[in-house]
Amino acid sequence: MTAPPSVRQVRRKKEYRPGDIVHDDRGESLELREELGGGGQGTVWSLTGEQVAVKILKRGARAAELRSRVAAVRRFDLAGIPIARPLSLLVGDEVGYTMELLAGMVAIGSLASVPPENVGGWFQATGGLRRRLRLLARAAEALDRLHARGLAYGDVSPGNILVSARSEYDQVWLIDPDNVSVQAKLSDAPYVTPGYAAPELVNGRAGQDSLTDAFAFAVLAFQVLALVHPFIGEVVELHPEKEEEAFRGDLPWIDHGSDLRNHSRKGLPRKLVLTKGLRRLATQALEEGLHRPERRPSLWEWHTQLDRAALMMIGCPGCGGTYHAGEPMCPWCRRQERPPVLRCDVHGFLPAGQVTADSGEAETERLLSMVVAARQPVVVRARNGLLCLDRGPSDLPIDPGEPLIELAWDGGAQLTIQRVGRHPVWMVNRSARRSVVLDVGETWSLGLADAGRWMIHFGGQSEVHRLMKVLVTRTGGR
């Protein structure tokens, strides 16, 4: 595989080093351990011996303004959103604050920092395509939940979204919470990361809001998947002084449909790493929505398409790379033996009497699909199996990532269904009028000859819920 160019990072002079000590208003002495990332306003460091991070603002930042912003963020309802919460303020010569930190996290920008050699091996070692899709889907989900509460994140960038350092995990954690706000006023001075800020922010025509978040996320998602910045094309490569012009929105993005001034073929092939739905969203955000913010797709649309793409990935038995089940062979190693797959479709289900007292049961059209490849178990999670995740205050809230069942296909005539979560799962054969509830840990062996008669139901039986059908035919195109 040809190595794409290294992704450009925002360069700045470092003022701090590991081992330096800063102090907060709780009287704690905090030793800097490792720089994690950050945005246009400052840097974020992990601390020695603590599950806490510290953000140190660039020189010249106003302490009173920061204190006001942090106080405002503390009042916001951020429950259920994977975002760091401000804990204390720095004192002395430093301006900044401490925040919550999960263990074993790195900046998502590390997944776009391409090494000079063995790009294919590095890409797979860092989780491959499926993991990148999952991480971006989780990030979009977090931002969408923030937007649903009338808040904007403010500075979506490679250093402000942390992900699990180990490739077998896909946890996401938003940092830099002091930029979270309601829609910013035009007079507000935005703190942005060059290369990710929407043109209207760069040009001072608008403040930060959900639409500027949507633009920044589109840039980041394209970069993490295609391994090339969408506005660093041939013109910018040949004339680096035009980078500012490109980031201002005065040059087209590299995959523009008609304006080829800044075209680029570098990075990974778009059809390999972006489904048709994701390519459509990228075009809407970076081309149609470049100067028309209302045309940009929402974070909910990004979450939906990224999650659907991840569900359609299969692993190559040869190289371990992941790719879309619609591909005829592994695009990474060109292995001809593509593993057989089953398609599973998720539908909504209305029990009898839900619409009117005498109404019968009803089923919606397909909501989403996922694939199960031979000898590659797949976990169905709450975000896909459960119809309603937000049930209000609860002693045991529903996490979208909670597992419901694990599907394992032997490649032959048997599909094993195991309930692995706390939410109800039951098997239904309508024609035989049979219903079997599965206990936690219990397995059900479904013969593919009977797959058309049995369906997997999730959630309360008397409530509107979702069901899954197993289709024996393999998936189609993308």
Side-chain angles (χ1 to χ4, degrees), residues 1-12 35-40 43-44 105-140 142-143 153 155-167 169-176 192-197 213 215-233 236-237 243 246-247 253-255 262 264-270 272-275 278-279 281-282 285-286 302 306 309-310 313 321-322 332:
M1 182 172 62
T2 303
S6 297
V7 176
R8 295 173 182 249
Q9 301 292 332
V10 178
R11 301 297 182 189
R12 45 169 163 51
E35 185 177 338
L36 298 175
T43 57
V44 177
M105 306 293 282
V106 297
I108 197 172
S110 64
L111 299 180
S113 299
V114 185
E117 299 178 352
N118 191 23
V119 177
W122 163 81
F123 190 80
Q124 307 308 343
T126 51
L129 179 56
R130 176 162 51 197
R131 180 171 184 255
R132 282 168 169 78
L133 289 166
R134 285 176 174 170
L135 291 172
L136 288 167
R138 303 297 86 82
L143 292 168
Y153 182 66
D155 189 15
V156 178
S157 68
N160 279 343
I161 299 176
L162 301 187
V163 300
S164 303
R166 296 174 58 178
S167 61
Y169 300 124
D170 56 7
Q171 199 161 19
V172 168
W173 191 244
L174 305 180
I175 58 174
D176 210 358
V192 297
T193 303
Y196 302 88
D213 281 355
F215 180 88
F217 183 84
V219 173
L220 179 63
F222 186 90
Q223 185 179 21
V224 169
L225 294 173
L227 304 185
V228 62
H229 191 287
F231 287 94
I232 300 180
V236 177
E237 290 286 348
E243 183 178 84
F247 293 167
W253 75 302
I254 62 176
D255 286 352
N262 197 30
S264 176
R265 295 185 181 276
K266 294 182 178 179
L268 296 176
R270 316 301 187 253
L272 171 60
V273 295
L274 298 166
T275 61
L278 290 174
R279 295 197 299 273
L281 294 187
L286 306 175
W302 277 106
L306 287 162
M313 295 292 118
T322 50
W332 307 109

Can you name the salt bridge (charged side-chain N to carboxylate O under 4.0 Å, His left out) partners of Asp213, sequence neighbours left out?
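For Asp213, no residue satisfies salt bridge (charged side-chain N to carboxylate O under 4.0 Å, His left out) once neighbours in sequence are set aside.
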
What pairs with Arg132 under salt bridge (charged side-chain N to carboxylate O under 4.0 Å, His left out), at least two apart in sequence or on another chain?
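Not a single residue meets the salt bridge (charged side-chain N to carboxylate O under 4.0 Å, His left out) criterion with Arg132.
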
Could you pull out all residues at least two apart from Ala310 that satisfy side-chain contact (heavy atoms from CB on, under 4.5 Å)?
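For Ala310, the residues satisfying side-chain contact (heavy atoms from CB on, under 4.5 Å) (neighbours in sequence not counted) are Leu133, Arg134.
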
Among residues at least two apart in sequence or on other chains, which ones pass side-chain contact (heavy atoms from CB on, under 4.5 Å) with Gln124?
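Scan of Gln124 (side-chain contact (heavy atoms from CB on, under 4.5 Å), adjacent residues dropped) gives Trp332.
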
Please find the pair of heavy atoms, one from [X] and one from [Y], that lie closest to each other, and give the distance.
X: Ala165; Y: Val106; result: CB-CG1, 3.8 Å
X: Gly195; Y: Val219; result: O-CG1, 3.5 Å
X: Pro115; Y: Trp122; result: CD-CD2, 3.4 Å
X: Leu278; Y: Leu274; result: CB-CD2, 4.0 Å
X: Ser167; Y: Arg131; result: O-CD, 3.0 Å

Does any part of the side chain of [Y], heavy atoms only, come nearer than 4.5 Å to the side chain of [X], both counted from C-beta?
X: Ile161; Y: Trp173; answer: no
X: Ile108; Y: Leu136; answer: yes
X: Tyr196; Y: Asn160; answer: no
X: Leu268; Y: Val228; answer: no
X: Ser164; Y: Asp170; answer: no

For Tyr153, enumerate each residue passing the ring pair (Phe, Tyr, Trp, His ring centres under 6.0 Å) test, keeping only those at least two apart in sequence or located in another chain.
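Ring pair (Phe, Tyr, Trp, His ring centres under 6.0 Å) list for Tyr153, sorted by chain: empty.
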
side-chain hydrogen bond (donor to acceptor under 3.5 Å, both in side chains) involving [X] - partner list, sequence neighbours excluded:
X: Arg166; value: Glu168
X: Trp302; value: none
X: Asn262; value: none

Please check: side-chain N/O of Thr322 versus main-chain N/O of Arg130, any donor-acceptor pairing under 3.5 Å?
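Judged by distance alone, yes, a pair lies under 3.5 Å.
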
